[in-house]
Every structure is written in structure tokens, then in C-alpha cells.
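Heads up: the structure comes next, in C-alpha cells.
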2 protein chains.
Amino acid sequence: MSAAHDLAADALIKAIADCFTALGIAGDDALIVAEDLVAADLEGVASHGAMLVPMYLDRIKSGSVSRRSKGEILSDREAAVVLDAGHALGQLTARQAVDLAVERARKYGMATIAVRNAFHFGTAGRYARMLADQGCVGMVMSNTRPLMPVTGGAEALVGNNPIAIAVPSAGEFAPEVDMAMSAAAMGKIRNAAAAGQSIPEGWAADRQGTPTTDPKAAIDGMLLPAAGPKGFGLAFIIDLLSGGLSGGAMGANVRPLYGKLDDPYQCSNVFIAIDVGHFVARPEYEQRAKSEQDRVSASRLAPGVDRVYAPGEFAHAARQRAGGRVKLSAAAYDSLIEAGTALGLDLRSFI
Amino acid sequence: MSAAHDLAADALIKAIADCFTALGIAGDDALIVAEDLVAADLEGVASHGAMLVPMYLDRIKSGSVSRRSKGEILSDREAAVVLDAGHALGQLTARQAVDLAVERARKYGMATIAVRNAFHFGTAGRYARMLADQGCVGMVMSNTRPLMPVTGGAEALVGNNPIAIAVPSAGEFAPEVDMAMSAAAMGKIRNAAAAGQSIPEGWAADRQGTPTTDPKAAIDGMLLPAAGPKGFGLAFIIDLLSGGLSGGAMGANVRPLYGKLDDPYQCSNVFIAIDVGHFVARPEYEQRAKSEQDRVSASRLAPGVDRVYAPGEFAHAARQRAGGRVKLSAAAYDSLIEAGTALGLDLRSFI
């Protein structure tokens, strides 16, 4: 395996944005999408970063992702808005939803923006943090195609539907959770298969629904929910919130991200903002949140443990360590260069 | 161990209500609290049912639970209301919060009621279902005293803070999750200790923070969060929502339920209602929710599995099986009779 490429995030953002503009995405939009993707690489979450770009580009070419800048408001009633994303790049409609959620939360105390016909938006946490930066509790959810069985079941019924929640804080970073409802990501199982290693119990079941530690049987089978019925239940409810409130797709009507590229992804999202200033004084809320974070970071340690991370601290520490530079795997780098070449761009000249 | 008592739920409700009225709780209030408690027994969740009554009564006597019927509204801004529960019985302020949440959600599309200085309210799921019955997504959260360490930590920092979410459905029951954020309840660990059995890995750590399968070390130690950092993160966020939005207690300022009985419990709650009719047609939402439930209930089964349960179905099936009768353990029965006797009531005459 060749070494990872160590790139300046700014140059990588420009390279990605150039690819999108070459396909007719507006310049400002292209920059936003590129920034949001590279933000995941800066957190060390490569699966949600620049490696997605070739697939995004293929989907724009095939028409399953549109060139729209914004979704269309289908219903607008006080603190409840339904957006049709029209298969626009998910980062664009996510930011539209964040702006709408904050505006309505300022007015009513809280708001929910439900989005149908959405495309992948990267990490949910990024938008939850944007809401927190505006003084709101931010909750962001999305559904995915079915990946997990109900406890005891033998067919995938719900996605590993992520939820992110972040809250405003006077600390250096927002307390944040950003989690998929599966016990582990499929990427980790693929890594174990490639390395010829077994996987821990509880990660996956084979195609008959029997729990397995064999990564190959797992890849042919299903992910298992985190904490069993708890993870399944939350994933199921997130499906009913995202798909249900938006009137959009849920269950198997959400399509595989890497499946047929001319088949719209069609996920549904929910963005909830709760304006803390409507309840208590915002500075007081933020100070209390900081105290709780500090209490966790300063926890007494179990034997053999060097440090602990408060919720959100691990990603924050990764961003700080990155210092504006991204490690991109050789495979992801080569695919990006190749995608650029196909668009007549020589990305190698600046990354 | 003597056998459980098989009691008519209605008679048990009356017996419990009589105890509360004997201590000066208003008759209607006493009935509501008794009903809500026995509802947990009818679901087979004894830990949140009639066995709590003697402790509730002791707390009323000692003054740490008040005789108030309602909480006081501290702040009221559009869809955001802060209630001071004034240490009233939690079932009463929970219902007050549910009514307020529905009223505001009808007007604005959604609403959040944050409650401080609350007492125990039983199961969160009951109030989430009440919200769902009114056509709202219902989310109910509470914090508890610290019970769990951060991953790698050696001190309890957050409670196993429960969250319940229920959504409206045209099915026989509302899709519902109702979960604490610990991998297992302390009650199960005490049962293992009593039976001389070990506990599964992942349930608990000893007082140094080292994971243990010894139930006695676990009882002296700490519960571990469900799914590790995911469960810890959600519990931490629930603390910041409940205690933070209400301006009430969080972390160690929430007191042990069975601790010093004259020390107010002082938990904080959040009730969120999202009116589905503000987003889509309510009957359509409910029909889609039913289809998803049916899809889960009809899942293909893994080898050796007889049936699966959609979220909320297990409790629903328990309620149906109960048929209005409650099995109360001999210990819980005897304590209740004894508590009645102390109040000059002969509960044996009708349960």
C-alpha cells in the first residue's frame, strides 16, 4: 500500500470545488460542499470526506444528483417547514435547513425542518455544531437504506440512521454526539476482512441473521444495531422522523449510496433547533455546559488509561492536531486526480 | 421466596391512591399517580411501578416531595416553557408538561417544556405515548444522579438518563423506544448478586473503573453506558438538555432516589412535542408508521427465533397479556400493606 498524501486542506478544498464547478455547480456552492467534505478529513473521518468526491461527481453526471443550489419549500407553518431537496448536493440543503431552523427557533423557541429527496450531506455533526454555534441545541438526523435486522430477525429493515446532537458551550468546542445506530461501521468490517482478522461479537450477523465474527459472512450479511434493541429502536424512530415528517422516503425506498449511480439516493433528514436563550440566559447555559465538559475531561482515570475525552472532544482534538492539513489515502488521492483528469483538470498541479 | 400476588389493577390503583390521599394529596392527583405507577406494572416493569409507593410516601412525610398539584411556570415564550415542579409528584408535573406541550405544538408545530426541581415520574414512555396519542412525536427525557463513568474514567459522572420517543401510528400501538443509557439496569445486577451469578462483560466497572463481571464489585462500582461512548455521549447530552434548558439540577446535583429521604430528588426533565399534522397529513403519517411497524413485526426470522418485536410491541404485548391484572412480588406487596397500616389503612381488605 502506498503512503497517504499529506495535503493542505485549503488546496484540497479548491481542487474539489474545481471539480464541481467543471460539472456546472455554481462556484459558491462548490466551495461549500468542498469545505464540508474536507472538514470530515480534518476530523479524521475519511469515510465522509474527500474520498466521496468521485462518487458525487459520477452522480451529478448521471443526473441522480441535481445542480440545484437550494431545496424548494413545500410547506411552511410556523416552526415546521418541509423542504424538497430536489436531489441537490446534501451539504447545500443541510445549510439551507440550518439557516431556516435558526431563523424559526429565534422566533418560536424551536423549529423543525424536515427534508425529503435529499442527497448525502457528509457528517451530521457538522450541521449540529453550526446550530450550536448559533446558540441552539442542534439535532440532525438522516435515514439510510436498510442495513440492520430487528433483534432476532434475518433481513435488513432499517438503516444505521445517524443522529448528531450538539449544544452551545462557553468551552473551546461544542459538546457533541454524532453516531450511527450500528455497533460498528461497515468500513471497519471491510478492513478486518482485508487484514484477515475476525470481528468482535455484536458487530454483524450473516445473511441468515445469525451473529458472526467472520468479516466475510458479515459483508454478505447485515450490520447489527448498537446495544441491540436500543440501537434498533432509535434507528427505527429516526426513520419515522426523517421520512415521516418530510413525507419522503424511508425504509427500502432510500437507495444505496454506492448502488446504481443514476438512481437518486433519496434520503430524508430532520434538523431540529432549540434556542437556549428562549429558556434561560444563553451565557449561563453556555457556562454550565462548559463546567460539565470540564468535569468529564478532568475525570479520575481507570488503571492503564492515559486520558479521557468528553463528548465532542475527540473530534476537536483531531481538528487541532490536523493544523489545516489532511492525510488522504493513496487510493482516495488517485481517484480524485483521475476524476479531475476526466473533467479536463490537472489537480496534481496544486495538490 | 414467597409467591407473587395476582391483583386486579383497579383495586391496586385504589389502594395506592388511598395511601396518597391519607397523606393529604388531592384525590384526583392521587388517582393519576396511582394509575401511572400501576401502568408500569401492567407492562411488566415492576421497578417503575407499585414497589415505589412506600418510598414516595416516606418522601411526602419527610417533606422532600410536596403536595402540589402543578408546577409553576417560570418562563413562557412561544413554544418554550420552563416549569418549576416544586418537588411535586413527577406524574403530576409530567402530565402538566404533556398538556402544555400539545397545546403549544398545535399552535407552533412543536414545543419544548423544560422542568426543574422535579420528582420521579415513573416511566418516560408513558408520557411519550400520551404525546403520540395527540398526534405528536413525543420525546421525554430526564436526568438522574451520576451512575456511569466516561469511557476510561474511574468515577460516575452522568446518570443513566432515560429517553423515550413515541410517534403517532394507525397501528394497535405507538412505535416507541424507552431506554436508559446504561447497558443494563442496577436491578439486574442485584438479581445476579443475589443468585450468585456473574454478569456479562460491558454491564459494569468496579470502583477503580476496571470492567468487571462480578456483581458485587459492580454494586460497589459503576454502571457502564450502553454501546460505550455512544451511550455516555447521549446521557451527557440529555443532562445538558434536561438540566440546562430548565435551569435545574444536573450532574451530582440530582440526588439519589433512595438516598436521604428528606433531600429533594431534584431531577430535571424535558418534554418535546412535534405536531405531525404541521408537516404532513396526520392520517398519512399514521398509516406510514403502521406500515413500518408491520414490516418489522413480519420480519423473516433468524434460526431458532420464534418471533420478533417492533419497537413498542413488547410492552404492548405485555399490557395485553396482563388483561388488567398485576403480579406484585411478595416483598412489594408486604411493603405496600405495611405502608397502608402506618397510615391507618387496611389495604388487605381490597387487594
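Keep in mind that what you see is a predicted model, and the values were worked out from it rather than measured. All values below were derived from every heavy atom in this structure, side-chain atoms included, with hydrogens, water molecules and symmetry-related copies excluded. Residue numbers begin at 1 in each chain, while the letters A, B, ... track the order of the sequences.
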Legend entry - Neighbourhood of chain A inside residues 158-171 of chain B, taking heavy atoms under 4.5 Å as contact: B:I165, B:V167
Legend entry - Largest heavy-atom contact set with chain A, pairs under 4.5 Å, which of B:H278, B:E78, B:K107: B:H278
Legend entry - B:Y108 portion near chain A, given a 4.5 angstrom heavy-atom threshold: both
Legend entry - B:I274 vs A:M110 side-chain heavy atoms within contact, under 4.5 Å: no
Legend entry - Most contacts with chain B, counted as non-hydrogen pairs under 4.5 angstrom, among A:L301, A:D178, A:D275: A:L301
Inset, instruction - Can you tell which part of B:R207 gets under 4.5 Å to a heavy atom of chain A, answering side chain, backbone, both or neither? - result: backbone
Legend entry - Short side-chain to backbone donor-acceptor contact, A:R300 and B:A154, under 3.5 Å: yes
Legend entry - B:E284 atom CD, over 12 foreign heavy atoms within 6.0 Å: yes
Legend entry - Option that, when pairs with chain A are counted at under 4.5 Å, heavy atom only, ranks first among B:A114, B:G244, B:A105: B:G244
Inset, instruction - Identify which of A:G312, A:G109, A:G247, A:S291 forms the greatest number of heavy-atom pairs closer than 4.5 Å to chain B. - result: A:G247
Legend entry - Toward chain A, the part of B:E176 with a non-hydrogen atom under 4.5 Å: backbone
Legend entry - Part of B:V296 lying under 4.5 Å from any heavy atom of chain A: both
Legend entry - Part of B:F314 within contact of chain A (heavy atom distance under 4.5 Å): neither
Legend entry - Shortest non-hydrogen contact between A:S246 and B:V280, atoms and distance: C-CG1, 4.3 Å
Legend entry - Interchain contact, B:M222 with chain A, by part (heavy-atom threshold 4.5 Å): neither
Inset, instruction - Would you mind telling me which of B:V150, B:L245, B:V308, B:V82 has the largest number of heavy-atom pairs within less than 4.5 Å of chain A? - result: B:L245
Legend entry - Proximal component of B:S75, with respect to chain A [non-hydrogen, under 4.5 Å]: side chain
Inset, instruction - Among the options A:A310, A:A79, A:G243, pick out the one with the most heavy-atom pairs lying under 4.5 Å from chain B. - result: A:A79
Inset, instruction - Using a cut-off of under 4.5 Å on heavy-atom pairs, state which of A:T112, A:V305, A:T151 scores highest against chain B. - result: A:T112
Legend entry - 4.5 Å side-chain heavy-atom contact, B:V81 and A:F279: no
Inset, instruction - Could you have a look at A:R104, A:E292, A:R288, A:M250 and say which one has the most heavy-atom pairs with chain B under 4.5 angstrom? - result: A:R288
Legend entry - Expected output: side-chain A:R295 to main-chain B:L157 donor-acceptor under 3.5 Å: yes
Inset, instruction - Among the options B:A227, B:G202, B:P303, pick out the one with the most heavy-atom pairs lying under 4.5 Å from chain A. - result: B:P303
Throw together a table of side-chain donor-acceptor distances under 3.5 angstrom for residues 228-241 of chain A, partners on residues two or more places apart or in other chains.
| from | atom 1 | to | atom 2 | distance (Å) |
| --- | --- | --- | --- | --- |
| A:K230 | NZ | B:A180 | O | 2.8 |
| A:K230 | NZ | B:S182 | O | 2.8 |
| A:D239 | OD1 | A:N143 | ND2 | 2.9 |
| A:D239 | OD2 | A:G251 | N | 3.1 |

Legend entry - Which of B:A302, B:G209, B:A289 touches chain A most, by non-hydrogen pairs under 4.5 Å: B:A302
